[in-house]
There are 2 protein chains.
Amino acid sequence: MGTTQLESVPEPKYWHLKTVLSEALDSEFSVGEILPNERDLAARFGVARATLRQALEQLELEGRLQRRRGVGTTVAPPRVGVAVGTEEQAWPGAAGDAWQPVDCAEAVPPAAVADALETGRDEPVHIVRRSRMSHGQPVAAELLYIPASSVPDLTAIDAPSGPARARAVLRELQHLDLEGQDRAVELGSARADDAKELDRLPGAPVLVVTSRFLAGGRTAALSVATYRADTCRLTFKESGGVEIDHGPERRAS
Amino acid sequence: MGTTQLESVPEPKYWHLKTVLSEALDSEFSVGEILPNERDLAARFGVARATLRQALEQLELEGRLQRRRGVGTTVAPPRVGVAVGTEEQAWPGAAGDAWQPVDCAEAVPPAAVADALETGRDEPVHIVRRSRMSHGQPVAAELLYIPASSVPDLTAIDAPSGPARARAVLRELQHLDLEGQDRAVELGSARADDAKELDRLPGAPVLVVTSRFLAGGRTAALSVATYRADTCRLTFKESGGVEIDHGPERRAS
DNA sequence: AAGTGGTCTAGACCACTAC
DNA sequence: TAGTGGTCTAGACCACTTC
C-alpha cells in the first residue's frame, strides 16, 4: 500500500482547497448548515472565485455539498441508499413498486432503444414516464419503453394518455411471463426534462440505470432510469443477504 | 411526455455548444480521431476557451471524448461493459475472477470500513490491492479489506507483503462459507493513488462499487472498487438472462 | 432590491507529451 | 522546443430566490 512514491507534484490549488474544505465540513459544520457565499469563501482562502468553485463542484459531485442558485451552498446529508436490484424478478408496476406513473404516450423511441427492443426504427412504442421519491425528494426519473406487441390486449377503452393510461399499460405488462432481466449502470448528465423533474440544472451528473425485461425470448420492455448522482447510492441486494443499514457512512477517504 | 412547457430559458452557450459538438462527433468524426485543439475550437465557435472547455468536460463525462494532456482530444470508443454482479456467489480470488492481485499490507482501515467490518477503529486488517483490466486498459482499482479473523489459518510462512501475500490471503478466504453479498454503487472522484492506477488525473469521476461479503453472520470482507466512469458501463446479470451484447449503442438521447 | 449561485470573457502560466 | 490540455486570475453580467 502506502509506498507509492509521492513524486514532487505541486498539488493544484483547488485540490488542496477541496481537502481543507472537506475537513472543515467534517469538523465545523452540521448537515443543512449554510456555508458563506462563494465570493467570501474565495476571498478568505485568497483564491479566485473560479478556483473556489472548482473545489465546490467536486465536493458537490461527491455528495458533500448542495448548491442552489439564489439560495446558497449547504452541507448535504449522507447519500440515501436506493434499492435497485430487488431480487424477486417482477415487472415494472408490480405491487410494492417504488415508482409512480406520471404519464404515457406513444412515440418513436431513440434508435438505440429501438435496436434493443428489436422494433423498427420508425415504429412507435408506448413510453411510460415514472418518477421515484425518497425521503420526500425526487431521486429518479424513468422512461419505460414498451413495444405494442408486449401489451396486445390493451383496450381502446383505456385513457389515451396520462397516468391512467400508464397504469393500464403496466397492468397489461403483468400478464407476460418474466424470464429474466438485465441491468447496466453508467454515468450520464441530465437532459433538460429529467433535470427539471429531479430539481437540478441540465447537465447535472446522473447515474443511468438501463434495465431490460425479457419475456418470450426477447426484450419485452426497456427502462432507462436516471438517478441523481449527488444524492443517491444505488444498492443491489443479492441472494442470501441479511438486511443492512449503511447509516451515515462516508466513503473510505 | 413532450408537453413540458419550454419556459423561454436562454440556453447557456456551453450547453448549445455541447449539442453541436455531439452531433458533429456522430456525423463527422470516427473513433480515435483527434479533434482540433481547444484554442482553435474556441475561436471557431466564437467563444472563450473556458466556455469551450465546459462543453468538452461534459462530453468527456458522458464518455464521448477522451482528453490527454500534452496530446490532444480524441473521440472515445463506446463504453465497455464490465460485469459486476456475477450471479454465482463467490469470494474474491475464486477461479475466473477478473481481478489481478497487486499488493497486500496490514493497516488500520478508514473508520467507515472498520464500522462495516465491526472491527475496532484501531484494529489493523489485511488490505489487498487489486486491479482490473479490460481491452488492455485499466478500468478499475480495488481495495479489499479483510479482518484477520476471516483468515485465521494464514501462516507466517507466506510472504509478508506483495502479490504473493495477496494470493495467500485470498486463498485462505475461500475456506469460509459465503452466505451472501451486498453491493452499492455511487459516484465519487478518484483519489491520487487510484487516479494513477487508472491513468487519469486525480479527481476524475469514478463509479465506486462497495461490496460486502457475508460469512458466519457478519461481514467477512469488504471491497471498495473504483471504476473509470468515463469508459465503463457496469453490467449486472440477473437470473434467467440470456447473453446480451449491447454493442456500440449510445445512451438514448 | 439585495444577495445567491451560474455563465462567460480574455488573458496568463504550468505540466506534460512528442518530436 | 513546440504544441497540447490543465490551472488560475479578476473581472462582468445573468437567472433565480428571498424579503
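Each chain gets a letter, A, B and so on, in the order the sequences are listed, and its residues count up from 1.
Atom-to-atom, CD of Glu38(B) to C1' of dT7(D) comes out at 12 Å; the value is rounded to the nearest Å. Atom CD1 of Ile34(B) is separated from atom P of dT17(C) by 15 Å (rounded to the nearest Å). Rounded to an integer number of Å, the gap from CZ of Arg53(B) to C1' of dG5(D) is 6 Å. If you take CG of Leu65(B) and C1' of dT4(D), they are 15 Å apart, rounded to a whole angstrom. Atom pair Trp15(B):CH2 and dC8(C):P shows a separation of 12 Å (rounding to whole Å applied). In this structure, CG of Leu17(B) is placed 13 Å from P of dT7(C), rounded to the nearest angstrom. Distance CG (Leu56(A)) to C1' (dG6(C)): 13 Å, rounded to an integer number of Å. The CZ-P distance, from Arg39(A) to dC13(D), rounds to 13 Å in whole Å.
Closest approach to the Lys13(A) side chain among dT7(C), dC8(D), dG5(C) is made by dC8(D) (side chain taken as heavy atoms from C-beta onward). In the set dC8(C), dT9(D), dC8(D), dC8(C) carries the atom at the smallest distance from any side-chain atom of Gln54(B). Counting only heavy atoms from C-beta on, Ala48(A) has its side chain closest to dA10(D) among dG5(D), dC13(D), dA10(D).
Side-chain atoms of Arg49(B) and base atoms of dG6(D) include a donor and an acceptor less than 3.5 Å apart. Side chain Arg69(A) to base dG3(C): no donor-acceptor pair is found below 3.5 Å. The base of dG6(C) is not paired with the side chain of Arg68(A) by any donor and acceptor separated by under 3.5 Å.
Position along DNA chain D of the nearest nucleotide to Pro36(B) versus Ala50(B) favours Pro36(B) as the more 5'-ward residue. Taking for each of Gly70(A) and Gly46(A) the nucleotide of DNA chain D with the nearest heavy atom, the 5'-most of the two is the partner of Gly46(A).
Here Tyr14(B) does not reach the OP1 or OP2 of dC8(C): none of its side-chain N or O atoms lies under 4.0 Å away. For the OP1/OP2 pair of dG3(C) and a distance below 4.0 Å, the side-chain nitrogens and oxygens of Asn37(A) include no atom meeting the criterion. Listed pair Thr73(B) / dG5(D) meets the phosphate criterion, a side-chain N or O lying under 4.0 Å from OP1 or OP2. An OP1 or OP2 oxygen of dG6(C) is reached within less than 4.0 angstrom by a side-chain nitrogen or oxygen of Arg67(A). For dT7(D), neither phosphate oxygen OP1 nor OP2 lies less than 4.0 angstrom from any side-chain nitrogen or oxygen of Thr51(A).
The aromatic rings of Trp99(B) and Tyr227(B) lie perpendicular to each other, with more than 60° between the two planes, well past the 30° mark.
Summarising the geometry, atom CZ belonging to Arg79(A) is positioned 14.0 Å from atom OG belonging to Ser134(A); distances are rounded to the nearest 0.5 Å. Considering OG1 of Thr51(B) and NZ of Lys18(B), their distance stands at 15.0 Å, rounded to 0.5 Å.
At least one side-chain heavy atom of Thr235(B) sits less than 4.5 Å from a side-chain heavy atom of Arg233(B).
Closest of all the heavy-atom pairs between Cys104(A) and Val169(A) is SG-CG2, 4.0 Å.
The residue Leu201(B) sits close only to the backbone: its heavy atoms come under 4.0 Å of sugar-phosphate atoms, none of a base.
Side-chain atoms of Asp103(A) come within 3.5 Å of backbone N or O of Gly162(A) as a donor-acceptor pair.
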